[in-house]
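Quick caveat, the model's predicted, so the values are computed rather than measured. Atoms within each ligand, like the ligands themselves, are counted from 1 in listed order. For the single chain, residues carry numbers from 1 onward in sequence order.
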Amino acid sequence: MPVLSKPVEEPESKLSLIPVIDISDPEFKHALVKACEDFGFFKVINHGVSSELVSILEHEAVEFFSLPSSQKTQVAGYPLGYGNRTIGRNGDVGWVEYLLMNANLDFGSHTFLPGLLQNPETFRNALLEYTTSVGKMTCKVLEMISNGLGIKPMNTLSTLVSGENTDSIFRLNHYPPCPLINKNTNDANNVIGFGEHTDPQILSVLRSNNTSGLQINLTDGSWIPVPSDPSSFFFNVGDSLQVLTNGRFKSVKHRVLANSRKSRVSMIYFAGPSLTQRIAPLTCLMNNEDEGLYEEFTWSEYKNSAYNSRLSDNRLQPFEKKAVAIAISLNDS
Ligand SMILES: C=C1C[C@]23C[C@@]1(O)CC[C@H]2[C@@]12CC[C@H](O)[C@@](C)(C(=O)O1)[C@H]2[C@@H]3C(=O)O
Ligand SMILES: O=C(O)CCC(=O)C(=O)O
Ligand SMILES: [Fe+2]
């Protein structure tokens, strides 16, 4: 299991840095744009997603992960299905087990659900209701972003992730307590639950139980912990939104550290476009003298390339415009 060399204790002041957006208040659109520019990450409150629904889904997830390993591995698969310790297929590992599903299929068609769980219908309905509700919230956030950026029409971004053909996925992660960590000094030898990476999609929407572990990377390179808040949702900008905004929004690097005592259960909705959707910097966000930083690609092209990369790779690099890439490398040297 990968172990981090150095304990990272962050000053209290950095904890309060994480922007909090009240999406019931349209006036937050400017704070939302600033959060996407400065952090690529924000917490959403007053979201309207039923807490009862969230509890039911979490309960079902816990029931699934409590099954014997022999049963869970019956539904192992790549890229969708159950996985344990191995993340992707390019050599990444973490202190985590997970279930990955296509959020747009009728969850009932996942043949793995019946047979394993006591009450598969409850799980299926909770998945359907949850992803529908979180999908709507995501569209609302994307509309607020469009408003804040002055993109017209207001649904320019939200239509990319709504409709039947979109390639959104849903992930349940379970990080068991980790016996490798010294219990007395919890972070003396940090163990990686989920290694540092950016998400390839447009926006990711995360909700977890009360166990912390998630950290985000700031532009100065430091990592800050994200205090858990089971009643809120955490959003992060994905690579595709970074491209659409021509680099104005940052696809945030994040990771999860394992905990010595408590299980962490998280659920993440990755809002992705349809496979044939073309992604390129939006011209309405560029001035005449601005240059597009990225080559146009389809989501299918980007996804294939991303899924052939390691977790910590810079997946956008092959899509940077050549001249821009040379300028960046000259600046770096
Ligand atoms: C190592 C990998 C796991 C991942 C596919 C990849 O090759 C690189 C991107 C990874 C990631 C990160 C965000 C999501 O958790 C995920 C489902 C995704 O779309 O891209 C995972 C992929 C995965 O776990 O298969
Ligand atoms: O489980 C978490 O809290 C975050 C996991 C994550 O970043 C991912 O699955 O892409
Ligand atoms: Fe992620």
Side-chain angles (χ1 to χ4, degrees), residues 2 18 40-41 43 58 61-62 65 76-104 161 166-176 178 191-217 223-230 232-242 250-259 262-273 275 299-318:
I18 290 163
F41 190 85
K43 170 165 142 172
E58 183 177 315
V62 169
F65 289 120
Y78 174 85
L80 304 179
Y82 174 74
N84 188 8
R85 308 272 177 97
T86 298
I87 301 172
R89 57 170 178 199
N90 307 307
D92 289 290
V93 289
W95 193 263
V96 65
E97 58 174 340
Y98 57 87
L99 185 60
L100 259 166
M101 291 162 278
N102 186 327
N104 267 333
V161 299
T166 58
D167 185 33
S168 297
I169 52 178
F170 184 63
R171 171 169 212 139
L172 293 170
N173 285 333
H174 171 225
Y175 303 86
C178 179
V191 173
I192 283 290
F194 204 112
E196 67 177 79
H197 66 283
T198 61
D199 294 345
Q201 291 82 3
I202 290 181
L203 269 183
S204 311
V205 189
L206 180 148
R207 186 266 168 196
S208 81
N209 67 354
N210 215 358
T211 303
S212 57
L214 179 65
Q215 299 189 328
I216 57 166
N217 197 226
W223 288 97
I224 56 163
V226 178
S228 58
D229 180 353
S232 301
F233 288 90
F234 294 94
F235 279 64
N236 64 264
V237 169
D239 299 341
S240 301
L241 189 52
Q242 177 169 326
K250 296 286 172 277
S251 174
V252 66
K253 245 195 233 169
H254 53 287
R255 68 182 183 189
V256 179
L257 301 186
N259 189 291
K262 290 163 70 190
S263 283
R264 174 176 168 90
V265 177
S266 58
M267 34 185 95
I268 308 119
Y269 178 82
F270 300 94
L275 289 171
W299 169 242
S300 161
E301 284 163 345
Y302 190 62
K303 194 178 172 187
N304 282 336
S305 162
Y307 277 57
N308 280 314
S309 68
R310 295 287 301 258
L311 213 44
S312 64
D313 285 348
N314 176 357
R315 278 175 275 287
L316 278 177
Q317 202 201 334

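There is no side-chain donor-acceptor pair under 3.5 Å between Asn308 and Asn90. Side chain to side chain, Tyr175 and Asn259 fail the donor-acceptor criterion of an N or O pair below 3.5 Å. Between the side chains of Asp199 and His254, at least one donor N or O lies within less than 3.5 Å of an accepting N or O.
Heavy-atom contacts of Ala306 reach the following atoms of ligand 1: 6 (C), 7 (O), 8 (C) (cutoff under 4.0 Å). Taking every non-hydrogen atom of Asp199 and a distance limit under 4.0 Å, the qualifying atoms of ligand 2 come out as 10 (O). Atoms of ligand 1 lying under 4.0 Å from at least one heavy atom of Asn90, given by number and element, are 7 (O). Below 4.0 Å from some heavy atom of His197 lie the following atoms of ligand 1, by number and element: 12 (C). Counting atoms of ligand 2 from 1 in the listed order, those under 4.0 Å from a heavy atom of His254 are 7 (O). Close contacts of ligand 2 with Ser266, meaning ligand atoms under 4.0 Å from a residue heavy atom, involve 1 (O), 2 (C), 3 (O). Close contacts between ligand 1 and Asp199 involve ligand atoms 12 (C), 13 (C) [criterion: under 4.0 Å to a heavy atom]. Annotation for ligand 1: atoms under 4.0 Å from non-hydrogen atoms of Ile87 are 1 (C), 3 (C), 24 (O). Close approach to Tyr175 involves these atoms of ligand 2, each under 4.0 Å from a residue heavy atom: 1 (O), 2 (C), 4 (C), 5 (C).
Side-chain contact check for Phe194 versus Arg255: every heavy-atom pair is 4.5 Å or farther apart. Between Val237 and Thr198, the closest side-chain pair of non-hydrogen atoms is not below 4.5 Å. Here the side chains of Thr166 and Pro273 are not in contact, with every heavy-atom distance at 4.5 Å or above. At a threshold of 4.5 Å between non-hydrogen side-chain atoms, the residues Glu196 and Ser312 count as touching.
The shortest N or O to N or O distance between Phe270 and ligand 1 is not below 3.5 Å.
The protein heavy-atom contact nearest to atom 19 (O) of ligand 1 is Tyr307 OH, 2.6 Å. If you check which protein heavy atom lies closest to atom 5 (C) of ligand 2, you get Asn173 ND2, 3.4 Å. The nearest heavy-atom contact from the protein to atom 10 (O) of ligand 2 is His197 NE2, 3.1 Å. At the shortest separation from atom 1 (C) of ligand 1 among protein heavy atoms lies Asp92 OD2, 3.5 Å. Ranking protein heavy atoms by distance to atom 7 (O) of ligand 1, first place goes to Ser309 O, 2.9 Å. When hydrogens are left out, the protein atom nearest atom 11 (C) of ligand 1 is Pro200 CD, 4.3 Å; that is the closest non-hydrogen contact. Ranking the protein heavy atoms by distance from atom 24 (O) of ligand 1 puts Arg171 NH1, 2.9 Å first.
Phe233 does not carry Arg207 over the face of its six-membered ring by the limits of under 6.0 Å from the centre and within 45° of the normal.
Note that atom 13 (C) of ligand 1 has protein non-hydrogen atoms nearby, at separations under 4.0 angstrom.
At a heavy-atom distance under 4.0 Å, only side-chain atoms of Arg171, from C-beta outward, approach ligand 2. For Ile169, every heavy-atom contact with ligand 1 shorter than 4.0 Å involves the side chain, none the backbone. Neither the backbone nor the side chain of Ile268 comes within 4.0 Å of ligand 1, counting heavy atoms alone. By the criterion of a heavy-atom distance under 4.0 Å, the side chain of Leu206, and not its backbone, is placed next to ligand 2. In Leu311, the parts holding a heavy atom less than 4.0 Å from any atom of ligand 1 are both the side chain and the backbone. Proximity of Gln201 to ligand 1, defined as any heavy-atom pair under 4.0 Å, is confined to the side chain (atoms from C-beta onward).
None of Val252, Leu206, Val205 except one satisfies the side chain to side chain contact (heavy atoms under 4.5 Å, CB included) rule with Phe235; the exception is Val205.
Heavy-atom minimum distance, Ser232 versus Asp229: OG-OD2, 2.7 Å. Residues Asn102 and Ile169 share a closest heavy-atom pair of CA-CG2, 4.3 Å. Smallest separation of non-hydrogen atoms from Ser240 and Pro200: OG-O, 2.8 Å. Shortest non-hydrogen contact noted between Gly91 and Arg310 is O-NH2, 3.5 Å.
Classified by interplanar angle (parallel below 30°, tilted 30° to 60°, perpendicular above 60°), the ring pair Phe41/Phe234 is parallel.
If you look at His254 and ask which of its N, O or S atoms sits nearest the Fe ion (ligand 3), the answer is NE2. When the Fe ion (ligand 3) is compared with the N/O/S atoms of Asp199, atom OD1 turns out nearest. Within His197, the N/O/S atom positioned nearest the Fe ion (ligand 3) carries the name NE2.
Listed for the Asn304 side chain is no donor-acceptor partner under 3.5 Å among the backbone atoms of Glu301. With hydrogens and angles ignored, the 3.5 Å screen pairs a side-chain donor or acceptor of Gln242 with a backbone N or O of Ser251.
Between Arg315 and ligand 1 there is a heavy-atom distance shorter than 4.0 Å. Residue Phe270 places a heavy atom less than 4.0 Å from ligand 2. Using a 4.0 Å heavy-atom cutoff, Arg264 is listed among the residues neighbouring ligand 2.
Enclosure of atom NZ in Lys303 by more than 12 non-hydrogen atoms of other residues, nucleotides or ligands within 6.0 angstrom is indicated.
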